[in-house]
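For reference, the structure discussed in these notes is given below.
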Amino acid sequence: MIRASSHIASMSPYAVAQLDTPSGKRLVSLAQNESLRPPSPNAITLAQAAMTGGHLYPDPSWKDLRSVLSQQYKIPFDDILCGNGSMELIACIAYAFADEKNAVLAPAHAYPFFQTATQLARARFDTAPEHNGCVCVDALLTAQQPDTRILFLANPGNPTGTRISRGEIRRLRDEMRDDVLLVIDEAYGEFADHLNEPVFDLVNRGNTVVLRTFSKAYGLAGLRVGWGVFPAMIAEQIRKVMNPSNISLAGQAAAKAALEDQCYMQDTCVMTANLRDDFIIRLRRAGYDLPDSFTNFVLIRLKDAEEAKSLDLALRKEGLVLRAQGGAGLPNCLRVTVGVADDLDMAADVLEHWIKEVRP
Ligand SMILES: *Cc1c(COP(=O)(O)O)cnc(C)c1O
């Protein structure tokens, strides 16, 4: 009999969005935190143009893309690694820096892929409680164990949408053990950049990594490009576990062009924030409990898992798919991606109707 490795056999598959809706209904997916609009037209044009060289392997060191990243974010060229989405970078960090003899720590309601990556590396996954839907630095410090090797933290967080300040991140780094690798995942960083100074300089300490992605604010989720800033010694180890030709020609070309069109990305962030905040106001008025969001999604907190399930079903009946949050330890919550105005209106109509029925 063929047997999978025991740590793989005992894992559940990653819970991807279930996008099935009743037949005859148009699918409205608000489930995956995708951008509300297509990529910058420049990115589309350059990705298409890159296809003429499609018989050749892509640049394994992403030089064109890295040099624009380096200029745009004022980061040393040599500190940048690019991934097939930031998910690849997260998995490679776990592979390279944790194993069955140690542990990975994350906030209790963190991005579920941190746990998946930890399981792939055979390490133990520890969590620290959050407070009022927000990452708690003190709880993370208390939850550190002698065998903790990596601390993963998304800021702003997914699925909570909340954020902690640069000062809190700095305090976490100052008070954590120096030999624990801190990974700050800023997948939604562009949506909050106007509120905060960047944290890229923490990478200079040699034990901190900052990740970003083109999947959210830049709208390139389907092209799979993530990136991060790494101390040299960390980058050297990560490269060993990465696919050496990880980002397609089209992906590299699109990401570079998207980066060169900052106006388009910033407009996307402003449009998203306006729709998001109107949606939050409308739902709070209807009686829903939602935290403020600093991302392109909002979290709806219901009474319990049963309510969340019933609301999910009511929405699916109309073709609307949100994301259940059991995997992030929030079975009473549904996450709504900020889509185009018509789709959000449609969701808000169903949500208003539902709450009147269950809490008259
Ligand atoms: C969406 C998301 C990612 C994954 O992004 P890709 O670059 O598409 O792999 C990583 N971290 C968080 C917190 C996310 O929400």
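Both counts, for ligands and for their atoms, begin at 1 and track the order of listing.
- Pairs of residues two or more places apart, or lying in two chains, that qualify as salt bridge (charged side-chain N to carboxylate O under 4.0 Å, His left out) and include a residue from residues 284-293 are Arg284-Asp292, Asp289-Arg301.
- Residue pairs meeting the salt bridge (charged side-chain N to carboxylate O under 4.0 Å, His left out) criterion with at least one partner in residues 135-154, sequence neighbours excluded, are Arg124-Asp147, Asp138-Arg171.
- For Glu236, there are no side chain to side chain donor-acceptor pair (under 3.5 Å) partners at least two apart in sequence or on another chain.
- More than 12 heavy atoms of other shown residues, nucleotides or ligands fall within 6.0 angstrom of atom CD in Gln72.
- Note that CZ of Arg205 and CG of Asp174 are 4.5 Å apart. Values are rounded to the nearest 0.5 Å.
- Taking the six-membered ring for Trp and thresholds of 30 and 60 degrees, Tyr73 and Phe200 have ring planes more than 60 degrees apart, a perpendicular arrangement.
- At a 4.0 Å heavy-atom cut-off, the residues surrounding ligand 1 are Gly85, Ser86, Met87, Tyr111, Ala154, Asn158, Asp185, Ala187, Tyr188, Thr213, Ser215, Lys216, Arg224, listed by chain and number.
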